[in-house]
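Structure record follows, encoded as structure tokens.
Note that the numbering runs from 1 along the sequence shown for the chain. Values reported hereafter were calculated over all heavy atoms of this structure, with side chains retained and with hydrogens, waters and symmetry mates removed. These numbers come from a predicted model, not from an experiment.
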Amino acid sequence: MQYTLAGVTALASGALAYAQSTRSSPEGPGHPVPRELPRDITDFTGRDGELDALAQLLSPRRRSSGPLVAAIAGKGGLGKTTLAIRAAQRASEDYPDGQLFANLRGYDPVPAEPEAVLGHFLRALGTDPREIPDAPHDREQLLRTLTAGRRLLIVLDNANGPRQVRPLLPGTSDVAVIVTSRTPLSTIEGAHSIVLDLLEPDEAVELLGRVAGAHRVADDPEAARRLVALCGRLPLAVRIAGARLAERPDVPVADLADRLADERGRLDHLEIGDLDVRSTFMISYRGLSDEQQRAFRLLGLFPGADFTAWALAALMDVPSSAAERHLDALVSAQLIDATGPDETGTIRYTFHDLIRALSREQHESGAAASTGRLLGAYLTLAATAEDRFQPGEVRKTGSHPRRAVEARDLDRLLGDPVAWFISEQRNIVACVRLAASGGFWDAVWELTHIGAPFFEMLATWDDWEVSVGLALEAARRSDNRWAEAITLFDTGALRRDLGRLDEALVAYEGARAGYTAAGDEHGLATLLLLEGIVHRNLGDWDRAARLLGEGVVRLGAAGDRRLAAQSQRSLAIVLGGQGRHGEAIPLFQEALAEFQSLGDRRAEAYAWRNLAQAQLEHGEPAASARSFGRSLEMTQGLRDQRGEARALQGLGRVSAAEGAAAVALRRFAQARQIAEETHDHVLTRELDRDIAAANGS
């Protein structure tokens, strides 16, 4: 190894100084004991688990082959520095040879250079400034020499990564190092990682009370809880809110909470003195590349609570692989969080509420085009999901341009189309809202129409209600009578499923007028099916049979095999209601074969159940049990809870017919629980009657 003359002189001088210092008292002039830790704060709150973990790591009983490094990571405003100082102050007595502190300013425009920090440490440890070597490597060696055998604690605050930290690490286990950083430091050898999260709700309220005054929280605890929730339980934000309240005793806690409720101005209220949430986050933002900054800004356009790489790819108009790299960078910068895989195995990401507010503050040119691409990607995926969920569907489409989705994404996301819809349902409703607010009228009604079969199967009535309401408004604002008819068609289906049959017929009448004006013969034929089902549910068997019979003919003529088979299945149900089970069974079997041919598993599962009911009432309980069992198996595989409950009801009825009352009651109870969970009031009433009959009452 080669040394410069200055380096050799400095090493020798440092070693001599250290040798002399070991013969002096700890506080003597030959052995300076640095005490550089900043002061601890009196209102420190929470973090008990992290403090315990740091105490164990810093314990003098712990020994390792190299320096002990505790790496505290987390997004800005979480209190990393505060935690590090509290832990270091508590452990200071175990490190009698001193405590060193350096703010590495890792995210400043000009971060601290390791050689400058080394120079500071060497001076603090007693090295004559004239004898500090110029070469960074020589300074590192001298630091290791001077710290050997000393019980020292070093705090390195606000590091920007391992390259800034490694040169500052001593070489022996006598020295402990605490590092704080917004980015993980897992690549530092032997580092023990502690990742900070948000405060617990009670801890956040406690911190608010310590800063603002406990009586302010006690006077209105509900407002205090709402305020800390709007602060996202971020310690910095809670501290600022508390300071604002302390500064203004005349301002009620509820008033400040009301001001923070508007996301557009939230960050403006989270600034006081030298504390500023916006500036804290902007430090991380400025550390990104231009494309990563663009990704951050565009994600502010996303309307839902969480998002995926394919959604960012649509917003940015880049391949998914590029979007994944940008998301990785944003996670490393602590600007977004990865929340783990969803039902399709896709990694999802989310913003902290305050960081989302920052993202939405940033102006991005071409926002409308990005929003249009995002909606186009959702339309593509939703339509493909419906094609796979209901093969043979004759779909009515609008003019909003689709965005092509990469084949690898389609195959991965839509292997199970129901799982995809479950993972994206809230975002689809949010996209309907986004499209409505942006005037993308066709996207509003078409997303709603495509989603209707999923909303129905999953019994998510509230989401469906919101979507059809926005779709109707969009169709009317764009003066699109045909789109209005399609949405009224879906509205009627929703009203029917909720048991509001008269309202369903009114909606269908409106749809008929729109289809007639548009000359949509297929739409008019589909109304025959849905109106026939409503009249069947009303017990008007003759009118239902007439409508459904005509529907079979007209839908078949229109080439819609799927809905023609649905009409045939519904007609067979009517025949069963009239006691004509022998005629109904072959119709069910024909419809079942058609659904199997189309590959429509949900319709097949329902046809098995209908066939099973007809077989039961025709005196074939064994065949009925097999058919109900097949329906149960398929609906469970599809995660169709409503269909599962109906199949369980049918199996209960078979058991009751065979005199196995206990088995029947168990099946009915299972079905009733699902009916309550899915708010299927019609089925709940039916099951109450089934249970009463099985009990002999």
(message) Going by salt bridge (charged side-chain N to carboxylate O under 4.0 Å, His left out), D342 matches just one of R412, R348, R426. Which one?
(response)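 Going through the options one by one, the only one that passes is R348.
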
Looking at [Y] and [X], is any side-chain nitrogen of the basic one under 4.0 Å from a carboxylate oxygen of the acidic one?
X    : Y    : result
E550 : R554 : yes
R395 : E393 : no
D353 : R356 : yes
R646 : E686 : yes
E633 : R630 : yes
R495 : E465 : yes
E531 : R543 : no
E446 : K396 : no

Residue pair [X] / [Y], side-chain heavy-atom distance below 4.5 Å:
X    : Y    : result
E604 : M634 : yes
F351 : L335 : no
R476 : R481 : no
S570 : L529 : yes
E406 : P319 : yes
F421 : F455 : yes
D497 : R642 : yes
I486 : L488 : no

Side chain [X], main chain [Y], donor-acceptor under 3.5 Å:
X    : Y    : result
T635 : S631 : yes
D442 : S399 : yes
T380 : G376 : yes
S359 : G300 : yes
N427 : D306 : yes
R373 : L315 : yes
D409 : V405 : no
T350 : A305 : yes
S627 : S624 : no
H400 : G372 : yes

(request) Using the six-membered ring of Y606, assess whether NZ or CZ of R609 lies under 6.0 Å from its centre and within 45 degrees of the ring axis. (result)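 Relative to the ring axis of Y606, which defines the angle, R609 lies inside both limits.
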
Just checking, is any N or O donor in the side chain of [X] or [Y] under 3.5 Å from an acceptor N or O on the other one?
X    : Y    : answer
D337 : H352 : no
Y378 : E424 : yes
N480 : W441 : no
N537 : R496 : no
R562 : Q390 : yes
T460 : Q425 : yes

What's the shortest heavy-atom distance between [X] and [Y], and which atoms?
X    : Y    : value
A313 : A323 : N-CB, 3.7 Å
V429 : S467 : CG2-OG, 4.0 Å
R536 : A544 : N-CB, 3.6 Å
A671 : L687 : C-CD1, 3.6 Å
T526 : L563 : CG2-CD1, 3.4 Å
F389 : P417 : N-CG, 4.1 Å

(request) Please assess V663 against E658 for the test side chain to side chain contact (heavy atoms under 4.5 Å, CB included), listing each intermediate value before the final yes or no. (result) CA-CA 10 Å; V663 176; E658 293 177 330; over 6 Å; no

First locate atom [atom1] of [X], then atom [atom2] of [Y], and finally report the distance between them rounded to the nearest 0.5 Å.
X    : Y    : atom1 : atom2 : answer
L592 : N610 : CG    : CG    : 10.0 Å
T678 : D640 : OG1   : CG    : 9.5 Å
Q670 : L632 : CD    : CG    : 8.5 Å
W541 : R580 : CH2   : CZ    : 11.5 Å

(message) Does the plane of the ring in Y349 sit parallel, tilted or perpendicular to the ring in F307? Use 30° and 60° as the thresholds.
(response)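 Taking F307 first and then Y349, their aromatic rings lie parallel (interplane angle under 30°).
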
(request) Just say parallel, tilted or perpendicular for the rings of W461 and W464, cut-offs at 30° and 60°. (result)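 It falls in the parallel class, under 30°.
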
(message) For D479, I'd like to know if atom CG has over 12 heavy atoms of other residues, nucleotides or ligands within 6.0 Å.
(response)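 No - once you tally the heavy atoms of other residues, nucleotides and ligands closer than 6.0 Å, there are 12 at most.
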
(message) Counting only heavy atoms from other residues, nucleotides and ligands, does the tally under 6.0 Å from CZ of R360 exceed 12?
(response)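 Counting other residues, nucleotides and ligands, CZ of R360 exceeds 12 neighbours.
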
(request) Apply salt bridge (Lys or Arg N to Asp or Glu O under 4.0 Å) to E509 and R512, showing your working. (result) CA-CA 5 Å; E509 279 301 317; R512 174 175 285 102; 3.0 Å; yes

